[in-house]
Engineer: 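Questions regarding the structure given below will be posed in turn.
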Protein chains: 2
Amino acid sequence: MDGTARGPKVVAARSLVEAAYETIRHDILTGDLAPGTKLRFEMLRARYGVGASTLREALTRLVGEALVTSEEQRGFRVAPISIEDFADLTRTRRLIEVEALRQSIVFGDDLWEAGLVAAFHRLSKVEEKLPDAPERQQDEFEERNRDFHRALIAACPSRWLKHMHAILFQQSERYRRIALCDRTVPRDVHTEHKAVLEAALARDVDLACRLEGEHIERTLEVLNELVASKALPLRS
Amino acid sequence: MDGTARGPKVVAARSLVEAAYETIRHDILTGDLAPGTKLRFEMLRARYGVGASTLREALTRLVGEALVTSEEQRGFRVAPISIEDFADLTRTRRLIEVEALRQSIVFGDDLWEAGLVAAFHRLSKVEEKLPDAPERQQDEFEERNRDFHRALIAACPSRWLKHMHAILFQQSERYRRIALCDRTVPRDVHTEHKAVLEAALARDVDLACRLEGEHIERTLEVLNELVASKALPLRS
DNA sequence: GTCAATAATAATTTCGAGATTTCAGAAAAG
DNA sequence: CTTTTCTGAAATCTCGAAATTATTATTGAC
């Protein structure tokens, strides 16, 4: 939300709508645009330097992804967050992602394995240097983490299941960034990822699905502890 | 797709974007705008009588619901349909809807039961007179059918599960309208609905979920037969 | 002082012309 | 004959002012 200078947001987009969409989305996911914030057009125009119609289209897209809410004739707001919402989100994502993983392991071929190992490797690299500068690396970590989870379910033949997963996974990024930034609750994400990877490569469907489910649930547990102990607000 | 005059589409919407969105969505769901159709702005402006930016916003919303596709700098198209897509859609919807129903039956109270019975009653009324004039009644049937399926899972406490369901259910409406219009394959939808209702009211979770799953799958079977026998194209 | 009606202000929503990009067909080169 | 380049036409994309609608402030009546 602050206007301090940071590195120019690198957004390779062909249309202005796309660029605005990606930048605003990023600002919402990082919390730079805080949950519940009213999104006035004058403010947005000054901030992102595009016209009203262009902004409107970008915001409409974000409404479709439930990152923004809109009320007829009353404009747009950053979608609120709450621990209850994250609990619901986590359970739903678990249902979808575990089923997708199950199918992916069954259908996955050598190419899938290769992509998976590659994604894990790249994720590991950024996980190593994550403790040094948590904030700086977060964008890269999120990207690698998303790619790894995508690679896990890449061989799932259901486009719709993967589409549902994409929506839910992006939603949870808002909460994940909060949970990962704070380091009060200790957690070894790398080991969790490694365990899932090995089970998947070993084609141990049940084990992989159980580990993946627990891995997904883990972030909720961390956030629950944070809310309980540190009185983390988590309100809109 | 034709420009012939038909009854004025009754759309109670506060904003023009909303009105355009609902009208276009309806035209896509009914097939009035055929799958794969290029959506040029001049054509849409003439047809729906709103400006380019307004249309753009309405279309963007439809892209979010996967009823329209967009390619950067190349405009919008009505999303294609295929029997493979419907098979995938059906399986995914079954996973979601059955899980939502399971939770709904567990959590449902008297008010839920009342709403369910009411929705079933209204659906029955339109199911009775459906054979007389299949085309005329289809809009009303779709609305009542949607309300009934919504009522079934209304007591499910997960907002996300219900959100996922809404997306998938709307998608399947396109295919359902095709399957229900054609009457070559006999089917007693009313009896299927009644069986699910009774199992749900009896709180027989497993039976209700099994019946609901079969009910969902049934439309796919019908459409599969249609494609096989009558050489129904089902391509974009 | 409270409430309702009205005016002033602020924000959202809509439009259509102009900038930019893609597409289709003809002409030229290989 | 095939491929490439060019050019006009057509379509998409963008902007900012104007219209519409909400919100706030003011006034007057009870």
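Residue numbers begin at 1 in each chain, while the letters A, B, ... track the order of the sequences.
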Engineer: Taking only residues two or more places apart in sequence or in another chain, which ones pass side chain to side chain donor-acceptor pair (under 3.5 Å) with Glu217(B)?
Structural biologist: Arg94(B)
Engineer: Would you kindly give the CG-to-P distance between Leu55(B) and dA17(C), to the nearest whole Å?
Structural biologist: 15 Å
Engineer: Check this one for me: any side-chain N or O of Arg77(A) less than 4.0 Å away from OP1 or OP2 of dT12(C)?
Structural biologist: no
Engineer: Rounded to the nearest 0.5 Å, what separates atom OG in Ser158(A) from atom CG in Asp88(B)?
Structural biologist: 3.5 Å
Engineer: Considering every strand and a 4.0 Å limit on heavy-atom distances, what is the contact class for Leu39(B): base, sugar-phosphate, or nothing?
Structural biologist: sugar-phosphate
Engineer: Mapping Ser53(B) and Gly75(B) to their closest nucleotides on DNA chain D, which lands nearer the 5' end?
Structural biologist: Gly75(B)
Engineer: Rounded to whole Å, please give me the gap between CZ in Arg14(B) and P in dT21(D).
Structural biologist: 8 Å
Engineer: Between atom OH in Tyr21(B) and atom P in dT14(C), what is the gap in whole Å?
Structural biologist: 15 Å
Engineer: I'd like to know if Thr54(A) reaches the base of dC15(D) with its side chain, counting only an N/O donor and acceptor under 3.5 Å.
Structural biologist: no
Engineer: Take atom CZ of Phe41(A) and atom C1' of dT14(D), then tell me their distance rounded to the nearest Å.
Structural biologist: 15 Å
Engineer: Leu44(B) has an atom CG; how far is it from atom C1' of dA11(D), in whole Å?
Structural biologist: 12 Å
Engineer: If a pair satisfies salt bridge (charged side-chain N to carboxylate O under 4.0 Å, His left out) and one of its residues is in residues 149-175 of chain A, list it, with sequence neighbours excluded.
Structural biologist: Glu173(A)-Arg177(A)
Engineer: Can you tell me how far P of dC15(D) sits from CZ of Arg45(A), to the nearest Å?
Structural biologist: 9 Å
Engineer: Please tell me which of the listed nucleotides, dT14(D), dT14(C), dC15(C), lies nearest to the side chain of Val50(B)?
Structural biologist: dC15(C)
Engineer: Between Leu55(A), Thr23(A), Ile24(A), Leu33(A), which is the residue that forms a side chain to side chain contact (heavy atoms under 4.5 Å, CB included) with Arg47(A)?
Structural biologist: Leu33(A)
Engineer: For a quick test of reading the model: is some side-chain N or O of Arg74(A) closer than 4.0 Å to OP1 or OP2 of dT23(D)?
Structural biologist: yes
Engineer: Could I get the full list of side chain to side chain donor-acceptor pair (under 3.5 Å) partners for His163(A), not counting sequence neighbours?
Structural biologist: none
Engineer: Nearest whole Å is fine: how far is dT14(D) P from Glu18(A) CD?
Structural biologist: 10 Å
Engineer: With Arg25(B), which residues qualify under side-chain contact (heavy atoms from CB on, under 4.5 Å), at least two apart?
Structural biologist: Tyr21(B), Glu22(B), Leu29(B), Leu62(B), Glu65(B), Leu67(B), Gln170(B)
Engineer: Do any side-chain nitrogens or oxygens of Arg40(B) fall under 4.0 Å of OP1 or OP2 in dA10(D)?
Structural biologist: no
Engineer: Quick one: is Lys38(A) getting a side-chain N or O under 4.0 Å of the dT23(D) phosphate, OP1 or OP2?
Structural biologist: no
Engineer: Anything under 3.5 Å between a protein N or O and an N or O of nucleotides 18-20 of chain D, put it in a table, one pair a line.
Structural biologist:
none

Engineer: In whole Å, I'd like the distance from the CD atom of Glu57(B) to the C1' atom of dC15(C).
Structural biologist: 13 Å
Engineer: So which pairs with a foot in residues 76-85 of chain B pass salt bridge (charged side-chain N to carboxylate O under 4.0 Å, His left out), sequence neighbours left out?
Structural biologist: none
